[in-house]
Amino acid sequence: MARSEEAENFFHAVYSAVQEIPPGKVTSYGHIAKLIGTPERPRQVGICLKHLPVDTTERFHHDNVPWQRVINAKGAVSPRSQPAGARNQAAALEAEGVTVTTGALGELMVDFGEFGWFPRVLPSEEGQGLGDSDEDGEEGSGEDES
DNA sequence: GTTATGACTTTGT
DNA sequence: GACAAAGCCATAA
């Protein structure tokens, strides 16, 4: 039944979460998955971005959703099976002001300490999201754990 | 209609 | 600390 609508809602939530990402910052799939209420389904988040409509007539499209700011938990962009696409994503991130390091293996590792990581807290919002629940957080460099 | 793959993460050894 | 395996949903063949 509403599976289709649920799926659409899932997509919508992912796009909204990605749109909420401020410029100069990046987030991971698991993060968005958690934001939308599915911390156990990060894969679907990637699928959502993969199916991100390029049609500017849609509510969300490639030009409106900074999907490039979404990276994997390893702190590097996903090669997805096409280094060109990943590299393009890295180039876009650099254009945003994000420092991306190219590994010898062709891994595009994102350098955090330079811009900071997107807050990993749940604004407790759903649906509308976009709230400004700016948790502020710590931003300071070195927040990450390691 | 079924099988296989994918823009990943988490847990276990 | 590092490597390996399992799980999820949707698209494509």
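Quick note on labels: first sequence line is chain A, next is B, and so on, each numbered from 1.
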Protein-nucleotide distance (A:H62, atom NE2; B:dA7, atom P), rounded to Å: 13 Å
Rounded to whole Å, the OH-P distance (A:Y29 to C:dA10) equals 17 Å
Do A:T99 and A:V110 come within less than 4.5 Å of each other through their side chains, counting heavy atoms only? no
Less than 4.5 Å apart, any side-chain heavy atom of A:L52 and any of A:V14? no
Can you measure A:F10 atom CZ to C:dC9 atom P for me and round it to whole angstrom units? 9 Å
Identify which nucleotide among B:dA7, C:dC9, B:dT9 has an atom closest to any side-chain atom of A:R41, counting heavy atoms from C-beta outward. C:dC9
To the nearest Å, how far apart are A:I36 CD1 and C:dC8 C1'? 12 Å
Looking at DNA chain C, which of residues 43-56 of chain A put a heavy atom within less than 4.0 Å of it? A:R43, A:Q44, A:I47, A:H51
With rounding to whole Å, what would you report as the distance between B:dA7 and C:dC3 at their C1' atoms? 23 Å
With heavy-atom distances below 4.5 Å as the criterion, would you say the side chains of A:L93 and A:V26 are in contact? yes
Taken in chain and number order and not counting sequence neighbours, the residues that satisfy side-chain hydrogen bond (donor to acceptor under 3.5 Å, both in side chains) with A:E96 are A:R69
Would you kindly give the NE2-to-C1' distance between A:H31 and B:dT10, to the nearest whole Å? 15 Å
Residue from A:F11, A:Y15, A:F10 passing side-chain contact (heavy atoms from CB on, under 4.5 Å) with A:I36: A:F10
Could you measure the distance from the CZ atom of A:F60 to the NE2 atom of A:H12? Nearest 0.5 Å is fine. 3.5 Å
Measure from CG on A:L35 to P on B:dC8 and round the result to the nearest Å. 18 Å
Please report, rounded to the nearest Å, how far the C1' atom of B:dC8 is from the CD atom of A:E107. 14 Å
Specify the separation, in whole Å, of atom CD1 of A:I32 and atom C1' of C:dC8. 17 Å
